[in-house]
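Heads up, the thing below is written out as structure tokens.
Indexing begins at 1, ligand by ligand and atom by atom, following the structure's order.
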Amino acid sequence: MTTDPIFRIADKARAGERLSFDDGVALFETQNVAFLGHLANTVRQSRHGRVAYYNVNHHLNPTNVCYWDCTFCSFYRKPGDEGAYTYTIEQAVAEIRPYYEAGITEVHIVGGLHPTLKFDYYLDLLRGLKQAFPGLHLKAFTMVELDHFKRITRLSDDEVIERLREAGLDSCPGGGAEIFAEPVREKICRHKCDSQRWLDMARAVHRKGIRSNATMLYGHIESYADRVDHMLRLRDLQDETGGFQCFIPLAFYPEQTELAHLPGPTAVDSLKTIAVSRLMLDNFEHIKAYWVMLGRQTAQMALHFGADDLDGTVSGGGPLVETYSADGRDRCMTTREEVVSLIRDAGLEPVERDTLYRPVVREPRLVAALDDAKHQPILHAVG
Ligand code: V47
């Protein structure tokens with residue numbers, strides 16, 4: 001009988017040695033799921049103790065019109081399709097206002113690659129939001145969107161980033177990374193900017209002193225080796241720039257996509273992925289268990305498998321949240337109170353953070369007001 005390599009890898013991890021590609025694949029292949037979780041949890045606790053972070057945020061998707069057709073995406077619409085929409089700046093500001101008044105600290109902004117919107121639209125959007133809501137952190141546009149802006153303006157990467165920053169960009173979300181392994185990327189998002197481009201743009205963002213996140217879409221047609229390869233490409237860039245704040249494995253949710261015939265990841269696969277991320281990405285401070293794609297129950301368990309962050313209240317969220325809130329309950333949004341109680345119920349200590357992971361301290365009366373705010377999902381304007 002052969003011994004599971006996880007025990008040898010555990011010794012390496014405990015000694016603070018960096019894990020290799022082969023180690024990562026072996027961790028994914030282990031049947032000792034509880035031991036893997038324990039190992040990742042040890043690393044998580046050494047960094048964050050019993051703290052689990054959350055934030056109070058809103059997702060704004062200014063348009064769902066996109067000229068590409070990624071097979072895993074159910075969000076995009078072609079121009080003129082039923083349900084295609086694009087906000088005016090005024091509509092975007094109006095959507096955010098009640099959430100701002102209730103106390104969100106961050107707006108997460110991503111959208112489709114619109115075929116005709118000019119770069120000025122995105123600059124005006126940032127300016128409009130900053131002007132209306134001073135102090136609100138604008139975490140906006142993935143590396144894929146930044147690449148799109150470069151192509152429509154023919155500016156350099158640095159100029160694109162600089163103009164966005166001047167207009168109010170504070171940091172960038174981690175989407176669009178999908179899976180870096182080229183043969184898989186070719187099958188699921190062949191038109192999207194390639195892996196090297198995504199990484200180069202992230203490098204350019206970090207060099208400007210702007211922080212960003214990194215995601216990985218898993219549980220579709222990729223292999224364990226592809227997942228580890230993805231993590232290692234991020235680990236290399238993080239060694240170089242230190243600009244990533246957190247890693248977010250995104251559990252593929254097949255419903256309403258071209259890949260609807262696939263089952264999507266199981267809870268065990270998701271927990272393994274969180275744990276392997278925590279162990280491989282030794283230079284990432286935070287691993288996020290994004291409850292919207294994981295479902296609340298798996299996300300709660302993930303906090304014991306290496307994750308230290310649940311993301312946020314994700315109010316609004318538009319089609320992404322409505323579609324992907326994987327356990328089917330409360331599909332549109334959750335409340336601060338609920339996120340806090342999920343964390344407490346997991347035996348951990350909830351700490352509200354801002355986008356840059358600084359603790360947010362609120363007066364008790366404002367917390368009560370936040371918890372009392374009964375937000376209704378805002379219907380998307382069609383235009
Ligand atoms: O890039 C699209 C993924 C991403 C599906 O930076 C899907 O803090 C699962 O990046 N099933 C956008 N995932 C969301 C994203 C994100 C989310 C939360 C926090 C942060 C952050 C970033 O969503 C896309 C793609 O990888 N996605 N379709 C799907 N069917």
Side-chain angles (χ1 to χ4, degrees), residues 53-55 57-61 64 66 68-76 105-113 137-148 170-180 184-185 188-189 192-193 195 198 202 205 210-222 227 230 234 243-265 269-270 273 284 286-295 298-299 307 309-326 353-357:
Y53 295 98
Y54 70 95
N55 70 345
N57 63 350
H58 182 88
H59 279 218
L60 173 73
N61 305 121
N64 63 354
C66 189
W68 293 145
D69 49 2
C70 300
T71 58
F72 57 79
C73 180
S74 62
F75 170 64
Y76 76 87
T105 61
E106 165 192 292
V107 187
H108 171 125
I109 309 171
V110 291
L113 304 184
H137 185 108
L138 304 183
K139 182 178 78 172
F141 309 130
T142 66
M143 301 308 107
V144 174
E145 289 166 286
L146 298 192
D147 175 64
H148 167 71
D170 293 306
S171 70
C172 294
E178 319 314 356
I179 199 86
F180 291 144
V184 176
R185 201 173 179 85
I188 64 169
C189 52
K192 199 166 249 181
C193 77
S195 311
W198 191 99
V205 165
I210 296 173
R211 309 300 300 272
S212 75
N213 295 337
T215 56
M216 175 182 76
L217 183 68
Y218 69 94
H220 43 92
I221 57 166
E222 85 294 356
R227 294 185 200 177
H230 189 96
L234 290 171
F244 289 117
Q245 304 209 88
C246 74
F247 179 64
I248 313 150
L250 292 171
F252 175 53
Y253 192 68
E255 218 173 272
Q256 294 171 37
T257 74
E258 276 182 52
L259 301 176
H261 56 284
L262 297 176
D269 192 15
S270 288
T273 307
F284 275 64
H286 301 285
I287 303 291
K288 189 185 280 189
Y290 187 48
W291 65 263
V292 175
M293 265 80 161
L294 286 174
T298 308
D309 184 11
L310 275 190
D311 198 72
T313 48
V314 197
S315 57
L320 281 177
V321 176
E322 286 159 27
T323 310
Y324 302 140
S325 187
R353 61 161 178 91
D354 67 8
T355 312
L356 303 174
Y357 286 86

Apply the test ring pair (Phe, Tyr, Trp, His ring centres under 6.0 Å) to residues Trp198 and Phe180: give CA-CA distance (whole Å), side-chain angles for both, the deciding distance (0.1 Å), then the verdict.
CA-CA 9 Å; Trp198 191 99; Phe180 291 144; 5.5 Å; yes
Run Leu217 and Ile179 through side-chain contact (heavy atoms from CB on, under 4.5 Å) and show every step you take.
CA-CA 6 Å; Leu217 183 68; Ile179 199 86; 5.8 Å; no
Criterion side-chain hydrogen bond (donor to acceptor under 3.5 Å, both in side chains) on Thr105 and His137, from CA distance to verdict
CA-CA 6 Å; Thr105 61; His137 185 108; over 6 Å; no
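In this structure the side chain of Ile248 never reaches within 4.5 angstrom of the side chain of Met216, judged on heavy atoms. A 4.5 Å side-chain heavy-atom check between Leu356 and Gln245 finds at least one atom pair inside the cut-off. With a 4.5 Å cut-off on side-chain heavy atoms, Met143 and Val205 count as touching. Asp309 places none of its side-chain heavy atoms less than 4.5 Å from the side chain of Ile287.
Contacts between Thr142 and ligand 1 below 4.0 angstrom, taking non-hydrogen atoms only, are absent altogether. If you look at Ala251 next to ligand 1, the close heavy atoms, those under 4.0 Å, all belong to the backbone. If you look at Tyr290 next to ligand 1, the close heavy atoms, those under 4.0 Å, all belong to the side chain.
Contact between Phe72 and Lys192 at its shortest, heavy atoms only, is CZ-NZ, 3.7 Å.
The shortest heavy-atom distance from Lys288 to ligand 1 is under 4.0 Å. Residue contacts with ligand 1: Gly176 is included, with a non-hydrogen atom under 4.0 Å away. Within the 4.0 Å heavy-atom shell around ligand 1 one finds Leu250. Within the structure, the closest approach of Gln256 to ligand 1 does not fall below 4.0 Å when heavy atoms are considered. In this structure, His108 has a heavy atom closer than 4.0 Å to ligand 1.
Taking all heavy atoms of Asn61, Val314, Thr71, Leu217 into account, the minimum distance to atom 7 (C) of ligand 1 is reached by Leu217.
Below 30°, between 30° and 60°, or above 60°: for Phe247 and His230 the angle between ring planes is between 30° and 60°, a tilted geometry.
When the options Val110, Ile109, Asp147 are evaluated for a side chain to side chain contact (heavy atoms under 4.5 Å, CB included) with Phe141, the one that passes is Ile109. When Tyr53, Tyr54, Tyr290 are each tested for a side chain to side chain contact (heavy atoms under 4.5 Å, CB included) with Asp311, only one passes: Tyr290.
Each of the atoms 6 (O), 21 (C) of ligand 1 lies under 4.0 Å from some heavy atom of Gly174. For ligand 1, the atoms lying closer than 4.0 Å to a non-hydrogen atom of Phe252 are 9 (C), 11 (N), 29 (C), 30 (N). Here is the list of ligand 1 atoms found below 4.0 Å of a heavy atom in Pro173: 6 (O). Every atom of ligand 1 with a heavy atom of Asn213 under 4.0 Å away is listed here by number and element: 6 (O), 8 (O), 21 (C).
For a threshold of 3.5 Å applied to N or O pairs, the pair formed by Tyr253 and ligand 1 contains at least one separation below that value. Polar contact with ligand 1: present for Lys139 (N/O pair, distance under 3.5 Å). Between Gly175 and ligand 1, at least one N/O pair is under 3.5 Å apart. For a threshold of 3.5 Å applied to N or O pairs, the pair formed by Glu178 and ligand 1 contains at least one separation below that value. Taking any N or O of Phe72, backbone or side chain, at least one lies under 3.5 Å from an N or O belonging to ligand 1.
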